[in-house]
Amino acid sequence: MRDYTAQPVPRSMWEKPSHFIAFGFGSGAVPFAPGTFGTLMAIPFYFTMQSLSHSLYLLLTIIITLASMWLCHRVAKEINVHDHSGMCLDEIVGYLVTMYAAPHGLAWIIAGFLLFRLFDIWKPWPIRYIDEHASGGIGIILDDVLAGIYSLIILRIIAWLVI
């Protein structure tokens, strides 16, 4: 299970591009709520992807997810901390999953943000189980992918009811 106590950010985050990316492009250096800031960092990525076709968005998200698993596994080994609280590339991936095929507009971006943060913090089954038992890069990323899937489902239901 992730330790949410304040962890010092390794200096290597500012020195190694791979560490900078794993730490959410620097958003993980915020000393409080790094997951929330990591999710905020995901919004510009979503903006660049939102106009893609659904199939291309999905393909790119899968590629980013797999690359993130590999990168976070590598960085966690290099800093000798599994799932450092500042390592928030997983929040970026989870938010991109949440926003797959989402309606366009600020209200939907905010709704996706709030839903993803809810499920990422709450960790209903099996998210908590994955968070506590999966290791390496898969464990770091997969719980956020599942939180993104839960958020995606709720967001799609809301869109179906509203639109």
Side-chain angles (χ1 to χ4, degrees), residues 1-5 21-73 82-163:
M1 183 171 184
R2 184 182 283 194
D3 180 7
Y4 288 99
T5 58
I21 293 167
F23 277 79
F25 299 88
S27 61
V30 176
F32 59 94
T36 298
F37 284 93
T39 307
L40 285 171
M41 180 59 75
I43 293 172
F45 290 95
Y46 170 68
F47 277 135
T48 65
M49 293 172 58
Q50 72 178 345
S51 62
L52 299 174
S53 68
H54 293 325
S55 57
L56 190 53
Y57 184 103
L58 181 61
L59 177 63
L60 189 55
T61 301
I62 290 169
I63 291 168
I64 291 169
T65 299
L66 295 174
S68 296
M69 287 177 178
W70 172 82
L71 181 69
C72 287
H73 178 78
H82 173 71
D83 208 359
H84 187 290
S85 62
M87 198 173 350
C88 50
L89 182 57
D90 51 343
E91 274 80 16
I92 294 171
V93 169
Y95 184 76
L96 293 177
V97 170
T98 297
M99 298 306 289
Y100 171 71
H104 292 197
L106 183 59
W108 296 105
I109 290 168
I110 293 169
F113 175 86
L114 294 173
L115 285 167
F116 175 71
R117 291 309 302 143
L118 170 72
F119 286 111
D120 189 35
I121 293 166
W122 176 27
K123 297 192 185 311
W125 187 89
I127 299 169
R128 184 172 308 279
Y129 181 83
I130 297 294
D131 185 52
E132 293 173 352
H133 294 93
S135 62
I138 292 172
I140 293 169
I141 300 294
L142 188 56
D143 66 307
D144 290 85
V145 168
L146 291 175
I149 291 170
Y150 278 38
S151 304
L152 165 67
I153 291 168
I154 300 300
L155 195 63
R156 295 302 303 154
I157 291 170
I158 293 168
W160 180 73
L161 292 171
V162 172
I163 297 177

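Below, all heavy atoms of this structure are taken into account, side chains as well, without hydrogens, waters or symmetry copies.
Nearest heavy-atom pair, Pro126 versus Leu146, reported as atom, atom and distance to 0.1 Å: CG-CD1, 4.2 Å. The two residues Ala159 and Pro103 come nearest to each other via the heavy atoms CB-CG, 3.7 Å. Nearest heavy-atom pair across Gly24 and Ile92 is CA-CD1, 4.0 Å. Taking each heavy atom of Ala22 and Cys72 in turn, the nearest pair found is CB-SG, 4.4 Å. The shortest non-hydrogen separation linking Gly38 to Cys88 is CA-SG, 3.7 Å. Taking both residues in full, the closest heavy atoms of Ile140 and Asp83 are given as CG2-OD1, 3.7 Å, listed atom of the first, atom of the second, then distance.
The environment of His54 atom NE2 is sparse: at most 12 non-hydrogen atoms of other residues, nucleotides or ligands sit within 6.0 angstrom. Summarising the local packing, CD1 of Ile138 is surrounded by 12 or fewer heavy atoms from other residues, nucleotides or ligands at distances under 6.0 Å.
Residues Thr98 and Phe113 form no side-chain contact, since every pair of their non-hydrogen atoms from C-beta on lies 4.5 Å or further apart. In this structure, the side chains of Met69 and Val93 stay at 4.5 Å or more apart for every pair of heavy atoms. With a 4.5 Å cut-off on side-chain heavy atoms, Leu40 and Glu91 do not count as touching. Taking the side chain as every heavy atom from C-beta outward, Ile109 and Tyr95 approach each other to under 4.5 Å. The side-chain heavy atoms of Ser68 and Thr65, taken from C-beta on, include no pair separated by under 4.5 Å.
Using a 4.0 Å cut-off between charged side-chain N and carboxylate O, Arg128 and Asp131 make no salt bridge.
The CG atom of Leu56 lies 9.0 Å from the OG1 atom of Thr61; values are rounded to the nearest 0.5 Å. Rounded to the nearest 0.5 Å, atoms CD1 (Ile141) and CG (Leu89) are 5.0 Å apart. Separation of atoms CG (Asp143) and CG (Asp120) is listed at 6.5 Å; rounding is to 0.5 Å. The line from OG1 of Thr36 to CD1 of Ile121 is 5.5 Å long, rounded to the nearest 0.5 Å. Here the straight-line distance linking atom CG of Leu96 with atom CG of Asp144 works out to 11.5 Å at 0.5 Å rounding. Atoms CD1 and CG, on Ile63 and Leu58 in that order, are 10.0 Å from each other to the nearest 0.5 Å.
Looking at Ser151, its side chain does come within 3.5 Å of a backbone N or O of Leu115 through a donor-acceptor pair. A donor-acceptor pair under 3.5 Å is absent between the side-chain atoms of His82 and the main chain of Ser135, judged by distance alone.
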Let's go through Gln50 and His104 carefully: what are the C-alpha distance in whole Å and the side-chain angles of both, what is the deciding distance for side chain to side chain contact (heavy atoms under 4.5 Å, CB included) to 0.1 Å, and is it a yes or a no? CA-CA 8 Å; Gln50 72 178 345; His104 292 197; 4.1 Å; yes
Please lay out, stage by stage, how Met41 and Val30 fare under the test side chain to side chain contact (heavy atoms under 4.5 Å, CB included). CA-CA 12 Å; Met41 180 59 75; Val30 176; over 6 Å; no
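Applying the ring pair (Phe, Tyr, Trp, His ring centres under 6.0 Å) test between Tyr150 and each of Phe119, Trp125, Phe116, Trp122 identifies Phe119 as the sole match.
Ring-plane geometry between Phe45 and Phe25 is classed as tilted, the angle between the planes lying from 30 to 60 degrees on a 0 to 90 degree scale.
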